[in-house]
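Written out below as structure tokens is the structure these notes cover.
Throughout, a chain's letter reflects where its sequence line sits, starting with A, and its residues are numbered from 1.
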Amino acid sequence: MNEHDIQGEELKVTLPSGEQVFAAAGDTLFDIAARHELAGVKTAIAARLDGEACDLHAPLKRAAHLSLIQPDDPEALEIIRHSTSHVMAQAVKELYPDAKIAQGPATDDGFYYDFQRAEPFSDDDLVKIEQRMRKIIKKNQRIVRHEVSREEALALFAEEGEPYKRYFVETKSGEVASYYEQGGFRDFCRGPHLSSTRRIAAFKLLSVAGAYWLGSEENEMLWRIYGTAFASQEQLDAHLHRLEEARRRDHRRLGKELDLFSLQETAGGGLAFWHAKGAIIRQQIEGFLREQLQTRGYVQVITPHIAKDTLFRISGHYDFYHENMYTLRTADDEEFVIKPMNCPGHVMIYKSGLKSYRDLPVRMAEFGTVYRYERSGTLHGLFRVRGFTQDDAHIFCTPDQLLEEVDDCLDMAETVFNTYGFRDVHYELSVRDSKNTDKYIGSDEEWSEAESALVKALEKRGLPHKRFEGEAVFYGPKIDVKVIDAIGRPWQLSTIQFDFNLPRRFDISYVDADGQHKAPYMVHRAIYGSMERFFGILIEHFAGAFPPWLAPVQARILPVSDKVSEYGEQLLSQLEDAGIRSELDRRADKIGAKIRDAELHKIPYMLIVGPREAENGSVSLRVRHDGDQGSLPTSEFIARAGKAIEERSLKG
RNA sequence: GCCAAAGUAGCUCAGUGGUAGAGCAGCUGAUUCGUAAUCAGCAGGUCGCCGGUUCAAACCCGGCCUUUGGCUCCA
């Protein structure tokens, strides 16, 4: 901030090796690095001063630690992408001078830039813009940072006719505004950036979409162009390959192909129909969790789907959740609400009798189906629906039971995720904004007690977590759990969430050892979250190739010819008796075709039978993806498959 | 909800104003076959819906419905 003109002054620079050298103030970081022959000067994307990324050609202003950011550094990607977005904006301005630039940040997996323009951008335009970008990159234009006063920046963008940029200068700039320039294109930007356009090694424009200015529906809609960039063509190709892989695994596509579920236009959007095969999977994932509930001391309850508005007026949902709720009016003019949440119902059950401290903790679970109105544009396969079933539970406990309860929730989540093969799990702790405690319900004591239970439970289990200040909802702190699927995508599944609001609103209590009525702590927790969404995630995680315990059809018998069809029928009933979900391929196809069909249906066990097997009561086992396993007695196969199913193992 | 794109057989998709097509799946028949596609035949469509233009519309125009990609992650 207060860097005075210190041109020429000798400043101490600490190199990554620990060596300390002197450099003149005003020397560029690149020159200093080059002079002292820092490793990778030529390949560096940017520099790092005291840990903070900055331009390679930024002038040295103070004594600092200096290091270089290389292309494989995670920070490098953000810089590469941000610079690519500027080049894209430059290309757009060159091709379509009437376009106004809005904003163009790097994102998690690429970048975008928003433009205002009378005409939308077409796919053909994207191709043209890409070509122009390549030209700009080839020209090796220097990307130069300028620092000017706020007023100069305002004047500059006024002159360029860029109202959106002016808005950003007005709202975001301090006394000094920085802008970057390359090839005559100027963009108000904090940086850092690449030193020249040539440094962009690999990029691709992906799509165009409408996006509201500042994300608000009140505002006009701008055109957003999405793209991505990487440090090398290989990395870009790998990324595009991942996108392709994600498309291949798309649960909407697999759901149709494997006859698992559908969404019916006639019934309305966002309502899932679980077909027979999908329903089998649902029963398995639900049954697994019910076993967990059983062993972990939960009670399982069932609450009504609709309730009088009164219930949701008490809970407060009627007021702050009204626009997401479906309501009904009866002939005798009573209002009913289709439940958007299970918690009020569970609180009513808790409240239905006097509770002693000896009754706590009460762990109340329900696969509760809720309906929430979502705007049509937000619906997305099974991931965003209007009707879904939560594996919901509410724990009512005393303050000294908190830690153990949170710990058990984490333990349950871990057990469950292991079973599905989610090895990589992230924990996120959201706490209140300590500077602004007014907007939260609950006492300071409750908040700190709850937070400490969450933190201690995580620490006790040795689970690293990220902490988000001010991210808690108004009624309590929470832990969100994210899992990483088979192709590296994160999904937020579980949540463990304190609620200081509902116990107050419903005025629930327990009688403590001292005879006093006290308010219990209340914790919401879900492991899968929504059964629909979790199902969608599982379909994509397994690419439809479910492990034996989940597979709707676990084994398919493939007779080599109808000479052994009788043996096939006999085998089918034998397997069914053993509790293995099986099918018999009675078609007159050749064995290769039957195998192909079974593989495409992703059936875990294929049992090929011919005269040899019929002779001695055996099967020739073929395991999905792994191929021929040779012959074995039927009883042995039943034992093997039975074990894999019983143990819920991921492999056959 | 808003913006863009799309909607043709169960599925994937051709079809730019003149008799609606292919592959796969399905059915029938032949083949009786040993680890990812045997051959032949048959059947299958109000071209999302409603209206308009035209001698004539899957195709052009308008409206609606649905789906898809998006809708402030540091300027």
Side-chain angles (χ1 to χ4, degrees), chain A residues 53 78 82 85-86 89 101-114 119-123 153 157 162 164-174 177-180 186-193 206-226 250 252-253 256-257 259 262-270 323 373-381 558-565 587-601 606-613 620-631:
Chain A
E78 199 181 324
H82 197 177
S85 87
H86 277 215
I101 53 175
Q103 63 181 144
T107 64
D108 283 350
D109 44 22
F111 62 86
Y112 64 81
Y113 214 111
D114 287 347
E119 289 287 300
F121 293 103
S122 67
D123 287 347
F157 289 109
E162 297 288 1
Y164 302 97
K165 282 291 149 191
R166 272 188 59 109
Y167 170 85
F168 283 126
V169 177
E170 276 168 8
T171 55
K172 307 251 182 175
S173 169
S178 60
Y179 71 89
Y180 281 75
R186 297 194 183 95
D187 195 355
F188 173 59
C189 180
R190 191 186 278 176
H193 277 283
L206 297 171
S207 60
V208 201
Y212 295 106
W213 164 238
L214 301 178
S216 166
E217 290 168 34
E218 309 288 307
N219 295 335
E220 68 180 304
M221 189 158 273
L222 307 177
W223 305 110
R224 174 170 297 180
I225 303 180
Y226 281 93
D250 191 314
R252 292 166 300 187
R253 177 194 152 98
K256 208 180 272 181
E257 268 175 28
D259 196 15
S262 61
L263 299 154
Q264 304 281 347
E265 191 177 323
T266 319
E323 59 186 31
Y373 171 76
E374 300 279 358
R375 293 183 309 169
S376 57
T378 62
L379 300 177
H380 179 92
L558 313 176
V560 296
S561 77
D562 61 13
K563 281 182 186 157
V564 287
S565 53
R587 294 172 301 185
D589 285 318
K590 286 177 32 174
I591 193 64
K594 291 183 182 181
I595 286 168
R596 180 180 148 83
D597 190 65
E599 288 277 359
L600 290 176
H601 281 86
M606 283 155 270
L607 304 176
I608 290 130
V609 295
R612 287 203 297 274
E613 286 75 18
S620 170
L621 174 62
R622 183 184 168 98
V623 171
R624 176 185 59 202
H625 305 331
D626 293 345
D628 191 1
Q629 309 287 304
S631 284

Remember a base hit wins even if backbone is also touched, and classify [X] as base, sugar-phosphate or nothing at under 4.0 Å, heavy atoms.
X: A:Y180; result: nothing
X: A:G610; result: base
X: A:R253; result: nothing
X: A:E78; result: base
X: A:W223; result: sugar-phosphate
X: A:E613; result: base

Give me, pair by pair, the N or O atoms of the protein and of nucleotides 29-33 of chain B that are less than 3.5 Å apart, along with how far apart they are.
{"residue": "B:rU32", "atom": "O2'", "partner": "A:K563", "partner atom": "NZ", "Å": "3.2"}
{"residue": "B:rU32", "atom": "O2", "partner": "A:S561", "partner atom": "OG", "Å": "3.4"}
{"residue": "B:rU32", "atom": "O2", "partner": "A:D562", "partner atom": "N", "Å": "2.8"}
{"residue": "B:rU32", "atom": "O2", "partner": "A:D562", "partner atom": "OD1", "Å": "3.2"}
{"residue": "B:rU32", "atom": "N3", "partner": "A:D562", "partner atom": "OD1", "Å": "2.8"}
{"residue": "B:rU32", "atom": "N3", "partner": "A:D562", "partner atom": "OD2", "Å": "3.0"}
{"residue": "B:rU32", "atom": "O4", "partner": "A:D562", "partner atom": "OD2", "Å": "2.9"}
{"residue": "B:rC33", "atom": "OP2", "partner": "A:K563", "partner atom": "NZ", "Å": "3.2"}
{"residue": "B:rC33", "atom": "N4", "partner": "A:A588", "partner atom": "O", "Å": "3.0"}

Taking the [atom1] atom of each, how far is [N] from [M], in whole Å?
N: B:rG69; M: B:rA30; atom1: P; answer: 47 Å
N: B:rC59; M: B:rC39; atom1: C1'; answer: 38 Å
N: B:rU53; M: B:rA5; atom1: P; answer: 26 Å
N: B:rA4; M: B:rA22; atom1: P; answer: 36 Å
N: B:rG18; M: B:rA9; atom1: C1'; answer: 23 Å

Closest contact, heavy atoms only, A:D114 versus A:R224: OD1-NE, 2.6 Å

Per-nucleotide protein contact string for nucleotides 62-70 of chain B (B base, S sugar-phosphate only, - none; heavy atom under 4.0 Å): ----SSSBB

Options B:rA36, B:rC73, B:rC3, nucleotide nearest the side-chain atoms of A:D108: B:rC73

